[in-house]
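What you see below is based on every heavy atom in this structure, not just the backbone, and it leaves out hydrogens, waters and symmetry mates. This structure is a prediction, so every number in the text was calculated from the model and none was measured.
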Amino acid sequence: MDPSERATLSPALVDLAEAHGISHDHWGFHGEKKTAPASTLVAILAALGVDASTPEHIDVALATVVDDEWRRMLPATVVSRHGVAHRVPVHVTDGVDVEVWVELEDGTRVTLEQVDDYVEPRTVDGRTIGRATFELPDDLPLGWHELRARTRDGQSRTVLAVTPDRLELPEHLVGSQHWGLMAQFYSVRSRQSWGIGDFADLADIAWIGGQQLGADFLLVNPVAAAEPTTPMTPSPYLPVSRRFVNPIYLRVEDIRETAYLSAADRSLVEWAADDVRELSTDPGPIDRDAVWDAKKSALRVVFEAPRSAARQTAFVDFCRSQGSGLESFATWCAFTDHLGSGEWPEEYRTPGSEAVARLREELSDEVDFYSWLQWVADVQLEQAQRAARESGMGIGIMHDLAVGVHPRGADAWALAGVLAQGMEVGAPPDMYNQQGQNWSQPPWHPRELARAGYAPYRDLIRTVFRHAGALRIDHVIGLFRLWWIPQGSPADEGAYVRYDHEALIGILCLEAQRAGGVVIGEDLGVVEPWVRGYLTDRGVLSTSVLWFEKDDDGRPMAPEDYRPLSLTTVTTHDLPPTAGYLAGEHVELRERLGLLTEPVHQVRQDARREREQMVLALAARGLVGDDPSERELVEALHRYVLLTPATLLGVSLADAVGERRAQNQPGTDQEYPNWKVPLGDSLGTVVLVDDLAENARLRSLAAVMNEGTGRTTEDVDS
């Protein structure tokens, strides 16, 4: 029997768990306190490198946990706020003098002063260690610096990140409301698409949204990388890497070298396109595998074409700027092509091994191919953001960052040292997912991430912000705590593990400020009360969804009571579009898929009551008359959110064209075509990018939003 299976929830185990940031209990969605199984705590501790398999091991671990920080001269990483004094503990042999200073990014040296803060020395590993406390000046410049300490016995250095105390909104967003579109853009195809929405379509949607509809931003699904081979995971929220991009979104014809192909090579590209272009008007599920097989063959042809000296230099410069992260990602892609997506031989599972280096050299052309794909994708993403801004959008493209990565993907391979092995991320049961959720993603290892100076996290945020005016952080609560589920356990048998939110939020704000961007945190679901206030204080916008905002009596919250610093929407991608929700289709779908834990008649009754209360709230504001049509209700709901003080307002493109089908049904895998539903109207007829500008329903809803935010026809036309 596994030791974790016979563990008991002793006070010592609870203390040990809490000492390592693991909460042994939490509040359920009905307000009841839930306690984690002892086996869960033991398994999570093991993933953190702590043996709690027996009472004796627990006692040993408890006795040593306090000593951990005393073993280091400097903390693993120091993250401070600009304008706020910050004290740093320095541990040295008791009585030994120590010198501490900061090396700034620009090479300037700042000597730190010791402060009078006596702490009793501690004996650790047979050595008496003292703690000296030094104060960081509150006027250190924002950025990534190095903290150093030196004694007669040796020296130490660590990363120092000075972050904004608060991320301020760009000046043009202050004091007024701004609305934008939200789209799962892979589902929005054009007649030029290869069966899936691509970066050229993204640029066109953004241009239409800004120039012809008056939108200030376009929020899209994560564009992060998927497998380089088929079958490809359809969910954009389960990428193999969050930092790099899925080349399935490339418009092959827009790569410069495509225009100069020989007649024979151009025919190869056209033949590949012919196989899938007709899929763009197919109302059936999106076939990513067919699309990627076709695009990949065409992209190989373009890759082999000669590049000008300037283009080759730009490619080399891009690879250099992305450093070892890009090389590791491209290596993993090349290895996956060569070795397959299954279990690799042991010698290739460690990125730094000699076997990996040898195979990388053998596959150097393939590694170059996958690096090149990232470069041309980066170019097209830059073009999409430029089109968005030139259309008049104040923000432009708002990218979405998934919670985690595929457990057998590139990041899981390259970043294994900073990910917790044997753990999966999810969510405890809630009203909409009553069995809990398991997203199968390995979480950051809190301690190892700090030891790495948060570099993998910093590089991720920095790369995603390259061509983004804003970044939505899916499940932003994951920067505070994550629901860890031991592999093989049910989703409801997890526990929360806490993170250093000061560091993670601070770094996020630092990289956002350097990029001139806005950050939105998706803070739906079960959230500790203080977290939303903390995010507001740091300048991170929250998320409000109309259907989830209730007053103390369970009725729709008055619009005046919504949070000002927020992105407020009527719906979200995990619900059916509003027309379907109003019709109760979310209940019927979950009942058909066996996802309900309460009697279906009760859930139907609750859904009808929710709809009736919402219609009454709309009528009380004079937003609907008697017996409103579906379209009138959808527009009235958006007028309702326009009455809120929210800074940003999002309009689902699916709502705007009358789509009824959900893109995703949480809690399902193969039972529902998640992330494969092409954009359609109320009858299921495909809606193409080419038709958006003249779509009457879309233009009508845009007029509602422009009127509510004070934009005129002249503003839009200009």
Side-chain angles (χ1 to χ4, degrees), residues 26-34 427-434 436 477 521-536 541-572 574-588 590-591 595-628 630 632-647 649-650 655 666 708:
H26 71 282
W27 294 101
F29 71 98
H30 283 310
E32 75 284 19
K33 181 165 282 192
K34 300 282 190 177
D430 60 30
M431 189 172 80
Y432 291 90
N433 303 282
Q434 297 174 6
I477 308 308
E522 185 270 289
D523 55 351
L524 304 174
V526 180
V527 179
E528 293 173 290
W530 63 273
V531 167
R532 291 192 172 107
Y534 176 88
L535 290 171
T536 298
L541 276 69
S542 60
T543 300
S544 292
V545 175
L546 179 73
W547 296 109
F548 301 158
E549 297 291 344
K550 309 287 187 182
D551 63 19
D552 293 339
D553 296 323
R555 295 185 176 86
M557 181 185 290
E560 297 83 6
D561 294 335
Y562 278 57
R563 293 166 287 173
L565 197 68
S566 70
L567 167 62
T568 293
T569 67
V570 172
T571 189
T572 177
D574 285 333
L575 293 176
T578 301
Y581 196 85
L582 288 167
E585 292 175 6
H586 57 300
V587 177
E588 303 309 318
R590 286 186 291 153
E591 195 273 334
L595 299 176
L596 298 179
T597 59
E598 297 175 343
V600 64
H601 67 85
Q602 178 183 331
V603 181
R604 285 196 189 107
Q605 184 178 21
D606 292 343
R608 283 194 297 269
R609 184 183 305 110
E610 182 182 41
R611 183 189 191 279
E612 290 166 359
Q613 289 177 342
M614 186 61 73
V615 174
L616 287 174
L618 297 175
R621 302 269 173 171
L623 301 178
V624 292
D626 296 334
D627 195 25
E630 172 193 289
E632 288 171 335
L633 273 177
V634 170
E635 293 190 356
L637 290 168
H638 286 84
R639 286 191 170 93
Y640 192 87
V641 298
L642 279 162
L643 297 175
T644 73
T647 302
L649 301 168
D655 276 359

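- Taking every heavy atom of both residues into account, P645 and R563 meet most closely at CG-C, 4.5 Å.
- In plain terms, the two heavy atoms of V545 and V570 that are nearest each other are CG1-O, 3.5 Å.
- Q602 has its side chain within reach of D606: a pair of non-hydrogen atoms, C-beta onward, lies under 4.5 Å apart.
- For the side-chain hydrogen bond (donor to acceptor under 3.5 Å, both in side chains) test, no residue two or more places apart in sequence or in another chain qualifies with T569.
- Remark: side-chain polar atoms of D551 are paired, donor with acceptor, to backbone N or O of D553 under 3.5 angstrom.
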Full working for side chain to side chain donor-acceptor pair (under 3.5 Å) between S542 and R532: CA-CA 7 Å; S542 60; R532 291 192 172 107; over 6 Å; no
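- Here T571 pairs with nothing under the side-chain hydrogen bond (donor to acceptor under 3.5 Å, both in side chains) rule; sequence neighbours left out.
- Separating the OG1 atom in T568 from the CG atom in L541 is a distance of 9.0 Å, to the nearest 0.5 Å.
- Under the side-chain contact (heavy atoms from CB on, under 4.5 Å) criterion, E591 pairs with L596, V600, not counting sequence neighbours.
- Atom CD of residue E635 and atom CG of residue D655 lie 11.0 Å apart, to the nearest 0.5 angstrom.
- Between V641 and L649, the shortest heavy-atom contact is O-CD2, 3.6 Å.
- Under the side-chain hydrogen bond (donor to acceptor under 3.5 Å, both in side chains) criterion, E522 pairs with no residue at all, not counting sequence neighbours.
- Across every non-hydrogen atom of G625 and P628, the tightest pair is O-CD, 3.5 Å.
- Checked against side-chain contact (heavy atoms from CB on, under 4.5 Å), A619 has the following partners two or more places apart in sequence or in another chain: V624.
- Between G650 and L567, the shortest heavy-atom distance links the atoms N-CD1, 3.7 Å.
- If you take CG on L643 and CG on L623, they are separated by 6.0 Å, rounding to the nearest 0.5 Å.
- In this structure T572 satisfies the side-chain hydrogen bond (donor to acceptor under 3.5 Å, both in side chains) test with no other residue, sequence neighbours excluded.
- How far OH of Y640 is from CG of L618: 7.5 Å, rounded to the nearest 0.5 Å.
- When atom types are taken as modelled, the side chain of R611 and the backbone of L582 share a donor-acceptor pair closer than 3.5 angstrom.
- With contacts defined as side-chain heavy-atom distances shorter than 4.5 Å, the pair L546/M614 qualifies.
- You'll find the side chain of P559 reaches within 4.5 Å of the side chain of R621, heavy atoms only.
- At distances below 3.5 Å, at least one donor-acceptor pair connects side-chain atoms of D523 with backbone N or O atoms of T543.
- Taking NZ of K33 as the start and NE2 of H26 as the end, the distance is 11.0 Å to the nearest 0.5 Å.
- We find the NE2-CD distance between H586 and E588 to be 9.0 Å, quoted to the nearest 0.5 Å.
- No more than 12 heavy atoms of other residues, nucleotides or ligands lie within 6.0 Å of CG in D626, so this atom counts as exposed by the packing criterion.
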Verdict with reasoning, Y581 to E610, per side chain to side chain donor-acceptor pair (under 3.5 Å): CA-CA 10 Å; Y581 196 85; E610 182 182 41; 2.9 Å; yes
